[in-house]
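Heavy atoms only: backbone and side chains are in, while hydrogens, waters and symmetry mates are out. Nothing here was measured: the structure is a model prediction, and the numbers come from that model. All residue numbers refer to positions in the sequence shown, counting from 1.
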Amino acid sequence: MALEEQCSAPPRWRSISLTHVEFPEGDLTGHLLAYISLLPIAILVGFVTLIVFKRELHTISFFGGLILNEGVNWLLKHILREPRPCAGAHTTLHTEYGMPSSHSQLIWFFVVYFFLFLYLRMHQTNNARCVDLLWRHILSIILLGIALSVSYSRVYLLYHTWSQVFYGGVAGCIIGIIWFFFTQEVLTPLFPKIAAWPISEYFLVRDTSLIPNILWFEYTVTRSEARSNRVKVLLLWMLAYWYFWIKVED
């Protein structure tokens, strides 16, 4: 009933430039939720950036799962053909079908996969187990809040119904679980061979699957490298000073 009342008296809609996500004009909550609904796009852009700069096989696999998830969503939408709520309310839509919600499916795929990665893939460090677990729990709560906010934003902005968002979330969770275990059990044993391919070596593609905690590893390596460089710089300054002092004495 509430949805029908909203459709009967549609507000004036404004869109965020470039993205065309529309929100009711003058509605600050809708404006904020419009930006929140863009988080799946930010996730995709972030993955492309990580792949370009890290070139790590597990990240590439994770991104491949996101693309697969989007393909499944497109297929389901064109099989079910359920229309969006308030037909004609939005003028900038890529598809007229709304079941299941692609935003909801993508964000829940990402969150569930990330949960499994945090608690099953990344092992605790021996020297900071309590702190390590604490930040995992905090990050998990933040991710859960983001997923719920994105899902709610799609209903609030009249892009989807609650059922479309719910089933999109369910589909994303199922695909995320399946893809995570497929990556762990099938792809991960192949990563060392893939990393050894000439084309992988040419593009500096690497495999970190044998490193228990990649964050801790990169932190310690970076810190050691920084200390080593500081020592080298200090030695160079000392040699330069010594050389200059001898020249002055001569």
Side-chain angles (χ1 to χ4, degrees), residues 1-50 62-63 65-67 69-74 76-77 80-115 118 137-176:
M1 181 62 68
L3 185 59
E4 292 178 358
E5 292 176 356
Q6 285 179 289
C7 295
S8 62
R12 294 180 61 188
W13 295 85
R14 292 184 59 190
S15 65
I16 298 175
S17 58
L18 298 179
T19 61
H20 300 296
V21 176
E22 296 177 328
F23 62 93
E25 187 174 7
D27 186 348
L28 294 178
T29 302
H31 197 174
L32 175 62
L33 289 174
Y35 279 104
I36 290 176
S37 71
L38 295 176
L39 288 174
I41 299 176
I43 288 173
L44 292 174
V45 173
F47 265 99
V48 173
T49 305
L50 274 176
F62 197 167
F63 181 70
L66 284 171
I67 300 302
N69 181 68
E70 285 296 288
V72 172
N73 179 267
W74 182 90
L76 289 174
K77 278 185 175 179
L80 299 175
R81 296 175 177 268
E82 181 176 304
R84 297 175 184 269
C86 301
H90 298 287
T91 57
T92 54
L93 289 172
H94 296 294
T95 174
E96 60 182 313
Y97 307 125
M99 174 65 84
S101 166
S102 59
H103 283 68
S104 180
Q105 186 170 327
L106 187 148
I107 196 66
W108 283 103
F109 172 94
F110 174 80
V111 167
V112 168
Y113 191 102
F114 209 95
F115 282 168
L118 278 177
H137 296 334
I138 293 174
L139 182 58
S140 298
I141 293 172
I142 293 173
L143 288 173
L144 183 60
I146 289 174
L148 292 172
S149 299
V150 170
S151 299
Y152 176 71
S153 72
R154 304 306 289 173
V155 178
Y156 185 93
L157 298 174
L158 302 181
Y159 281 98
H160 295 284
T161 63
W162 280 112
S163 62
Q164 292 171 354
V165 165
F166 173 77
Y167 287 112
V170 170
C173 291
I174 293 173
I175 298 173

### Task
Could you tell me which non-hydrogen atom of Ser37 sits nearest to which non-hydrogen atom of Leu157, and how far apart they are?
OG-CD1, 4.3 Å

### Task
Keeping the roles fixed (side chain from Gln164, backbone from Val155), state whether a donor-acceptor pair exists under 3.5 Å.
no

### Message
Taking the side chain as everything from C-beta on, heavy atoms only, tell me whether Phe110 gets closer than 4.5 Å to Leu143.
### Response
yes

### Message
For Ser102, give me all partners under side chain to side chain contact (heavy atoms under 4.5 Å, CB included), at least two apart in sequence or on another chain.
### Response
Glu70, Asn73, Lys77

### Task
Can you measure from CZ (Arg84) to CG (Leu158) and round to the nearest 0.5 angstrom?
11.5 Å

### Query
Rounded to the nearest 0.5 Å, what separation is found between the CH2 atom of Trp162 and the OG atom of Ser104?
10.0 Å

### Query
Taking the inter-plane angle between the rings of Phe62 and Phe47 on a 0 to 90° scale, is it parallel (under 30°), tilted (30 to 60°) or perpendicular (over 60°)?
perpendicular

### Task
Measure across Pro100 and Gln105 and return the closest heavy-atom pair with its distance rounded to 0.1 Å.
CG-OE1, 3.5 Å

### Task
Could you give me the CA-CA distance, side-chain angles and deciding distance for Tyr113 and Leu66, then say whether side chain to side chain contact (heavy atoms under 4.5 Å, CB included) is met?
CA-CA 10 Å; Tyr113 191 102; Leu66 284 171; over 6 Å; no

### Message
Taking the side chain as everything from C-beta on, heavy atoms only, tell me whether His103 gets closer than 4.5 Å to Ser153.
### Response
no

#### Entry: side-chain hydrogen bond (donor to acceptor under 3.5 Å, both in side chains) involving Ser140 - partner list, sequence neighbours excluded
Tyr119

### Task
Please answer whether the main-chain N or O of Tyr159 pairs with a side-chain N or O of Arg154 as donor and acceptor at a distance below 3.5 Å.
no

### Query
Does any non-hydrogen side-chain atom of Ser151 lie less than 4.5 Å from one of Trp108?
yes

### Query
Do you know which of Ile41, Leu44, Val111 makes side chain to side chain contact (heavy atoms under 4.5 Å, CB included) with Leu106?
Leu44

Which pairs of donor and acceptor atoms, one on a side chain in residues 165-176, lie under 3.5 Å apart (sequence neighbours left out)?
none

#### Entry: Verdict with reasoning, Ile36 to Leu33, per side chain to side chain contact (heavy atoms under 4.5 Å, CB included)
CA-CA 5 Å; Ile36 290 176; Leu33 289 174; 4.0 Å; yes

### Task
Output the distance between atom CG (Leu76) and atom CD (Glu82), rounded to the nearest 0.5 Å.
12.0 Å

### Query
What distance separates Ile141 CD1 from Ile146 CD1, expressed to the nearest 0.5 Å?
12.5 Å

